[in-house]
**Student:** 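Starting off with a structure, shown below.
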Amino acid sequence: MVQLNGGTVKSMEALLRWRRPSGQVVAPDAFIPTLEESGLIVEVGVFVLEEACRQTYRWRDVGLPTAVSVNVSPRQFETGTFVNDVHLALERSGLDPTSLILEMTETTLMRDSHESDVRLATLKDLGVRLAIDDFGTGYSSLAYLQQFPVDIIKIDRTF
């Protein structure tokens, strides 16, 4: 996100890409579902989270006051270690928790709304910001938004 008056970079999103040895970039929709199905998305998600926190800390350390958004897969969010993984990534990197924005889809949050609420509250206690990504593609009820302690709603363009 860039602030229009002044052009200051306020935040960016960590995006995972796969480059083949030939140099060809494989689109995320071609490999993320396989990572989800195999369960490897949890390990890859931890790697992305740690790298995003580490790099954002470096940028902030050299004077670029930015935040980073990291997408969280449903499988990753539902692990019993997710909150601890976030805590460790912040601790290891030294990144201020308010500089981390975790993005989850509304479908992810509604799979077990009570457990989601508990996890989100714990993440908020750490100081991270929370976003619902692609709002309008799942349950699309504004009433659900009151249930969760989110800071940002990213509305899907089809909505």
**Student:** Does Leu40 share a hydrophobic cluster with Val48, counting links as ILVMFWY side-chain heavy atoms below 4.5 Å and allowing steps through other members?
**Tutor:**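 Linked, Leu40 and Val48 end up in one cluster.
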**Student:** Are any of the side-chain heavy atoms of Leu102 and Phe82 separated by less than 4.5 Å?
**Tutor:**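 Yes; the side chains approach each other to less than 4.5 Å.
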**Student:** Rounded to the nearest 0.5 Å, how far apart are CZ of Arg58 and OG of Ser93?
**Tutor:**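 One finds 10.0 Å between CZ of Arg58 and OG of Ser93.
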**Student:** Quick check on the hydrophobic clustering: are Tyr57 and Phe47 connected, directly or via other members, by side-chain heavy-atom contacts under 4.5 Å?
**Tutor:**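 Yes, same cluster.
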**Student:** Taking Ser99 for its side chain and Leu95 for its backbone only, find out whether a donor-acceptor pair lies under 3.5 Å.
**Tutor:**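 Not at all, since once roles are kept as given, no pair shorter than 3.5 Å links the two residues.
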**Student:** Calculate, to the nearest 0.5 Å, the distance between atoms CG and CG belonging to Leu120 and Asp125 respectively.
**Tutor:**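 One finds 11.0 Å between CG of Leu120 and CG of Asp125.
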**Student:** Mind checking whether Phe77 and Val44 sit in one hydrophobic cluster, side chains of I, L, V, M, F, W, Y counted as touching below 4.5 Å?
**Tutor:**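 Same hydrophobic cluster.
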**Student:** Output the distance between atom SG (Cys53) and atom CZ (Arg92), rounded to the nearest 0.5 Å.
**Tutor:**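 These two atoms lie 11.0 Å from each other.
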**Student:** Is any side-chain heavy atom of Ile32 closer than 4.5 Å to one of Leu16?
**Tutor:**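 They are in contact (side-chain heavy atoms under 4.5 Å apart), so the answer is yes.
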**Student:** Using 0.5 Å steps for rounding, measure from the CG atom of Asn84 to the CG atom of Leu126.
**Tutor:**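 Here the interatomic distance stands at 9.5 Å.
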**Student:** Kindly indicate whether the side chain of Thr56, heavy atoms from C-beta on, has any atom under 4.5 Å from the side chain of Thr66.
**Tutor:**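 The answer is yes; the side chains approach within 4.5 Å.
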**Student:** Would you indicate whether the side-chain heavy atoms of Met12 and Ser69 approach each other to under 4.5 Å?
**Tutor:**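 The answer is no, as the side chains (C-beta and beyond) never meet within the 4.5 Å cut-off.
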**Student:** Keeping the roles fixed (side chain from Arg119, backbone from Glu78), state whether a donor-acceptor pair exists under 3.5 Å.
**Tutor:**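 Such a contact is found between Arg119 side chain and Glu78 backbone.
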**Student:** Give a yes or no on this: more than 12 heavy atoms of other residues, nucleotides or ligands lie within 6.0 Å of atom CD of Glu115.
**Tutor:**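 Correct, the count exceeds 12.
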**Student:** Decide yes or no for Leu100 and Leu49: does some side-chain heavy atom of the first lie under 4.5 Å from some side-chain heavy atom of the second?
**Tutor:**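 Yes, close enough: below the 4.5 Å cut-off.
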**Student:** Drop me the distance from Gln55's CD to Asp61's CG, to the nearest 0.5 angstrom.
**Tutor:**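 Answer rounded to 0.5 Å: 11.0 Å.
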**Student:** Any heavy-atom pair between the side chains of Leu130 and Lys124 that's under 4.5 Å?
**Tutor:**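 Lys124 reaches Leu130 side chain to side chain.
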**Student:** Provide the closest heavy-atom pair for Asn71 versus Gln76 in the form atom of the first, atom of the second, distance.
**Tutor:**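 Reported closest heavy-atom pair: O-OE1, 4.3 Å.
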**Student:** Quick one: do Val70 and Phe31 end up in the same hydrophobic cluster if we chain Ile, Leu, Val, Met, Phe, Trp and Tyr together by side-chain heavy atoms under 4.5 Å apart?
**Tutor:**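 Yes; Phe31 is reachable from Val70 via cluster members.
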**Student:** With side chains defined as the heavy atoms from C-beta onward, is the minimum distance between Leu123 and Val86 less than 4.5 Å?
**Tutor:**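 Yes, close enough: below the 4.5 Å cut-off.
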**Student:** Please list all pairs passing the side-chain hydrogen bond (donor to acceptor under 3.5 Å, both in side chains) test where one or both residues lie in residues 17-26, with sequence neighbours left out.
**Tutor:**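 Of all non-adjacent pairs touching residues 17-26, those that pass side-chain hydrogen bond (donor to acceptor under 3.5 Å, both in side chains) are Arg20-Gln24.
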**Student:** Please round to the nearest 0.5 Å and tell me the distance separating atom CD1 of Ile41 and atom CD of Glu37.
**Tutor:**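 Reported value, rounded in 0.5 Å steps: 11.0 Å.
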**Student:** Before giving the answer on side-chain contact (heavy atoms from CB on, under 4.5 Å), spell out for Leu90 and Val128 the whole-Å C-alpha distance, their side-chain angles and the decisive distance to 0.1 Å.
**Tutor:** CA-CA 10 Å; Leu90 290 166; Val128 300; 3.7 Å; yes
